[in-house]
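So you know, we letter chains A, B, ... as the sequences are listed, proteins then strands, and number each from 1.
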Number of protein chains: 2
Amino acid sequence: MSGEAGAVERPVYRQGDDYDHAMPYDPSAFPPFAVTVDLVVLTVRKDALCSLVVRRGEPPYQGRWALPGGFVRDDEGLEAAASRELAEETGLRSQAAEGHRGGAHLEQLATYGAPQRDPRMRVVSVAYLVLAPDLPSPVAGGDARSARWAPSDALLDASEGLGRDAEQQAPLAFDHGQILQDGVERARSKIEYSSLATAFCPPEFTVGELRRVYEAVWGVALDPRNFHRKVTGTPGFLVPTGGTTTRQGGRPAQLFRTGEATVLNPPMLRPEA
Amino acid sequence: MSGEAGAVERPVYRQGDDYDHAMPYDPSAFPPFAVTVDLVVLTVRKDALCSLVVRRGEPPYQGRWALPGGFVRDDEGLEAAASRELAEETGLRSQAAEGHRGGAHLEQLATYGAPQRDPRMRVVSVAYLVLAPDLPSPVAGGDARSARWAPSDALLDASEGLGRDAEQQAPLAFDHGQILQDGVERARSKIEYSSLATAFCPPEFTVGELRRVYEAVWGVALDPRNFHRKVTGTPGFLVPTGGTTTRQGGRPAQLFRTGEATVLNPPMLRPEA
DNA sequence: AAAATAGTGTCTTTGAGACAGTATACT
DNA sequence: AGTATACTGTCTCAAAGACACTATTTT
């Protein structure tokens, strides 16, 4: 635990020494780590789940795609660092966990700290998951580096087998393939039992648009009629705004916004197949 | 991201400076953090969910209970550190994620890194969740520090309101109350849709013993008959060993061991009440 | 005998899946 | 008219919840 630095029996760090000697507490007697945040930013574009990736300008992995992220500053919290990086890279405002309206959903995903995951130094990276609606301007704001949305499954396929195309299909830098995979799996399972799928939608959306989000994230086809019955029948999930739209063609569809409910009980069931 | 150290526009760390100046990559130009692992070790004892806590011998929070844990060494991975600390504190062998038989279940929980969570220095702690069967010897092995099992709800009640008893009921040190709460909630939700509840049981156990695990973790009463039908009817959940036991009194009960299934579909439903 | 635990069977209700059929837009 | 999407309703089946009832032990 963090409060253990003073325990006498605890092995503590001394440069170039081993850990097996009991020694008194020394503020500098711990191995220094760099701590970063990496972002899995997901959205649904053209009926496909997409992730934000940036091209690396420096070695290692120069020219390869990677997840956006950066160092945690010594006076800021982890979520604050993730939120700041998100704003710098995309211009998106995040809205943590119990999210108020208007911001992208942001939650901690997992932490990655294999000793050799970065060849330059010991880096522990806290990954965050961001779910955002499709952005009108691809990646507004941010710095000058090249960034793009890429279909998640293409990135993941490439990260597993051999890259098919050297350039576009190359696996992600570092262990970012694993991080992305964990993020996608988290998103896939979380929309089952929470109302989080609406984080992929604009403020007002139709049942059909929400269904296409589920279909894109899960990669399956859902019965439009049973889906409609399910989501409109779950109290607190969707609130009708009164308006309608025909932006999807066909009969005008009712517009909804996200309701107060955050948990779906019973859950949306993901078809097995 | 961890690979961003070389990006020119990235704000990088310089001792005593601010972050708003672009500067070239420098291996030492990042804020140094201490990285620790904290363990939420849960077991079921006397029909109550209990957590392993150790008494602190040094300031800060001297004399208060805290979660076991310690520094990550500079050549070991995060899970390896958690596994090592677990062995040092309890003598338990862990069996990570896709656990083989015989070890306690260990999985990453979350990471806590608020700037002032440890008054002495900037510490980022990666918390791990351990689920273990009730141990015959309370806490075998480990070092000389005082350690004990404490009912989780008593620790959590105390961490919220004012401590009722100053000594025994005092809230946990640091942010360990929050970490414990997150760990308990993870365990509660995970036994719904996985076979993880068997991690609280000895290698061979009865349906009644497994039911008492669910009842202790969730804090509810379950119908023994419906529970029996559910768990024995889920393929791959339980495998009969052929033996029976009367250690719970009453009619002899069949003994089971954990099956191959890791995910429960459909899940065990937690009563709402 | 009484009490405790183990296990089976039966009925009801909820809800998911399949799919017929109607409504209202655009081309 | 043809087609696309939106929405309602109906049937069937799986499974959870609420029990009644039997079986086998200890006290």
Apply ring-ring contact (aromatic ring centres under 6.0 Å, His included) to A:F227 and A:Y214, showing your working. CA-CA 10 Å; A:F227 182 88; A:Y214 274 92; 5.5 Å; yes
A:M268 CE to C:dG15 P: how many Å, rounded? 14 Å
Where A:L42 and A:G183 come nearest, the two heavy atoms and their spacing: CD1-O, 4.2 Å
Run the salt-bridge test on B:E89 and B:R148 with the 4.0 Å N-O cut-off and return the result as yes or no. no
Give B:R247 one of three labels, base, sugar-phosphate or nothing, depending on what nucleic acid heavy atoms sit under 4.0 Å from its own. nothing
Whole-Å distance between C:dG15 C1' and A:L269 CG? 9 Å
Shortest side-chain distance from B:R229, nucleotide among D:dG17, C:dG7, C:dA18: D:dG17
Under-4.0 Å salt bridge between A:R270 and A:E215: no
Let me know the distance between CZ of B:R211 and P of C:dT5, rounded to the nearest Å. 8 Å
With respect to the side chain of B:P252, which nucleotide from C:dG7, C:dG17, D:dT25 is positioned closest? D:dT25
Protein-nucleotide distance (B:F205, atom CZ; C:dA6, atom C1'), rounded to Å: 16 Å
Using only modelled atom types and a 3.5 angstrom limit, is any donor from either the side chain of B:R225 or the base of D:dA20 paired with an acceptor on the other? yes
Rounded off to whole Å, could you give me the CG-to-P distance for the B:L222 and C:dA6 pair? 14 Å
Go through C:dT10, D:dA20, C:dA6 for me and flag the one nearest to the B:A253 side chain. C:dA6
Would you say that A:R257 contacts A:P203 through its side chain, given a criterion of any heavy-atom pair below 4.5 Å between the two side chains? no
Of B:N265 and B:D223, whose nearest nucleotide on DNA chain D comes first from the 5' end? B:N265
B:R251, nearest nucleotide to its side chain (from D:dC21, D:dG17, C:dA6): C:dA6
A:E215 CD - D:dT5 C1' separation (whole Å): 13 Å
When rounded to whole Å, the CG to P distance for the pair B:L255 and C:dA6 reads 11 Å
Would you say B:K230 reaches D:dA16's phosphate, i.e. side-chain N/O to OP1/OP2 under 4.0 Å? yes
Return whichever of A:R212 or B:G250 has its heavy-atom-nearest nucleotide of DNA chain D closer to the 5' end. A:R212
Measure from the side chain of A:N226, starting at C-beta and using heavy atoms only, and say which of D:dA6, D:dC7, C:dA18 lies closest. C:dA18
Can you measure A:L210 atom CG to D:dC7 atom P for me and round it to whole angstrom units? 12 Å
When you look at B:S51 and B:L155, which way does the side chain to side chain contact (heavy atoms under 4.5 Å, CB included) test go after all the steps? CA-CA 9 Å; B:S51 318; B:L155 291 170; 4.1 Å; yes
To the side chain of A:Q248, which of D:dT5, C:dA6, C:dG15 is closest? D:dT5
Given C:dG7, is OP1 or OP2 found less than 4.0 Å from the side-chain N or O atoms of B:H228? yes
Using heavy-atom distances to pick each residue's nearest nucleotide on DNA chain C, tell me which of A:T246 and B:G249 is more 5'. B:G249
